Amino acid sequence: MTEITREDCAKLDAADPLAPFRDEFVLPDGVVYLDGNSLGALPKATPGRVADVIEREWGRDLVRSWNTAGWWDKPRSLGAKLAPLVGAASHEVVVGDGTSANLFKALIAALRLVPDRRVVVGETGNFPTDLYITQGAVELMGATERRVDPDGPRLAEALATGDVAAVLLSHVDYRTGALRDMAGITRMVRESGALMIWDLCHSVGAVPIELSACGADFAAGCTYKYLNAGPGAPAFSYVAERHHATARQPLSGWHGHARPFDFTGDYVPVESASRFLSGSQPLVADAALEASLDLFARVDMRRVREKSVAMTEMFIDLTAPAGLALVSPRDAERRGSQVALSHADPEAGYPIVQALIARGVVGDFRAPDVLRFGFTPLYLRYVDVFDAAMALVDVVRTGEWRDPRFAERAQVT
């Protein structure tokens with residue numbers, strides 16, 4: 001392997017077609033931010049957009065803004081802006097509620113659509129909210145749950161029983177960064193007679209997604225990671241058009257009604273993805289999301305993916321001298337926009353990450369022993385990748401991480 005120098009990285013940055021986007025984000029001096037897969041950086045346009053909603057739309061125009069500022073239609077107008085990022089038609093995506101609530105809606109809707117089947121297949125080691133929400137949904141519906149490793153033969157074995165109503169998987173594994181074959185898995189699930197639900201939290205805004213082309217039934221995802229919409233940002237739901245007239249989600253709120261301003265006493269769901277809406281939209285948070293989605297409207301996701309692969313490959317190569325085990329797939333085609341590593345000492349992961357943060361390299365730790373680094377091509381430079389890799393190698397080689405202060409656990413890890 002040819003040795004990579006910082007000068008080589010600087011040349012790559014000079015030729016990078018995505019480089020101008022870095023200037024559209026607020027990035028602290030002296031920090032290499034590799035935690036965008038947990039919370040994205042702040043777009044410079046966001047404060048002004050949020051201030052306009054607060055000062056003009058709310059402060060001056062008050063209640064009229066439900067009409068004049070399009071507040072009522074925000075779940076759909078934002079959904080239409082987000083739809084190209086997930087490979088969906090504009091009317092198949094709505095924004096609102098959180099990922100947990102939206103996964104719950106999708107699971108209940110799927111079980112209702114296939115009433116003769118009472119099993120939900122989930123993913124061993126999936127993000128806890130997916131597991132917890134599934135437990136609650138199957139308990140409520142009198143169904144059962146099976147967990148499998150989706151990267152092995154067990155998924156096919158689980159589907160062969162003929163009693164599976166739905167499968168819920170993460171497109172990208174939150175710990176390892178493994179990127180699943182959305183088209184192949186969805187096809188297998190649909191051919192078995194089950195419905196496919198995708199969690200897109202760790203892939204939307206980082207890798208190209210084609211929900212409609214793959215035949216997915218439902219999907220949900222957050223917007224505060226690679227989409228940079230800020231802490232507490234609203235999530236989204238994807239509902240394939242073929243389910244718009246029949247899918248019944250359990251949180252039958254006013255905003256999902258076919259004629260909400262008739263104020264009738266009985267619920268009649270609208271025949272669109274809007275039937276997956278429940279309560280009022282967080283319009284101040286929506287403003288932050290809209291600022292980011294307007295930025296993404298100018299982004300070529302193919303270039304994002306190309307740069308992501310190049311950066312993660314470079315980081316893996318440069319950090320090899322640290323002797324850490326690669327937890328992520330080595331094949332770039334099977335890896336999302338993150339690199340996960342582990343140390344031979346299972347207690348080393350957290351303090352290594354803290355030692356890096358003290359040096360200005362921000363990654364994160366996931367139990368039990370994973371060092372996790374996210375790569376956001378819109379604002380990361382190749383020189384950042386180089387600097388972060390050199391810092392990691394040095395922290396491990398010198399044993400700097402063994403300083404007792406780096407072992408002190410924060411409330412949020």
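Just so it is clear, the structure is predicted and the values come from calculations on it, not from any experiment.
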salt_bridge([X], [Y]) N-O dist < 4.0 Å:
| X | Y | answer |
| --- | --- | --- |
| R76 | D73 | yes |
| E157 | R154 | yes |
| R49 | D294 | yes |
| R334 | D331 | no |
| K74 | E290 | yes |
| E313 | R335 | yes |
| R60 | E55 | no |
| R242 | D217 | yes |

So, for [X] and [Y], is the gap between ring centers shorter than 6.0 Å?
| X | Y | answer |
| --- | --- | --- |
| Y350 | F406 | no |
| F315 | F373 | yes |
| W254 | W72 | yes |

Report task. Taking atom types as modelled, find out whether W71 and E57 have a side-chain donor-acceptor pair closer than 3.5 angstrom. Result ->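 Yes, E57 and W71 have a side-chain donor paired with an acceptor closer than 3.5 Å.
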
Query raised in the report: With distance as the sole criterion, is a donor-acceptor pair present between the side chains of D369 and S342 under 3.5 Å?
Result: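 Their side chains do not contain a donor-acceptor pair, so the 3.5 Å distance test is not met.
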
Would you say the side chain of [Y] lies within less than 4.5 Å of the side chain of [X], judging by non-hydrogen atoms?
| X | Y | answer |
| --- | --- | --- |
| E123 | D130 | no |
| F236 | L200 | yes |
| L378 | R22 | no |

Tell me whether [X] contacts the main-chain N or O of [Y] through its side chain, where contact means a donor paired with an acceptor under 3.5 Å.
| X | Y | value |
| --- | --- | --- |
| K307 | Y382 | no |
| R118 | M141 | yes |
| D317 | M314 | no |

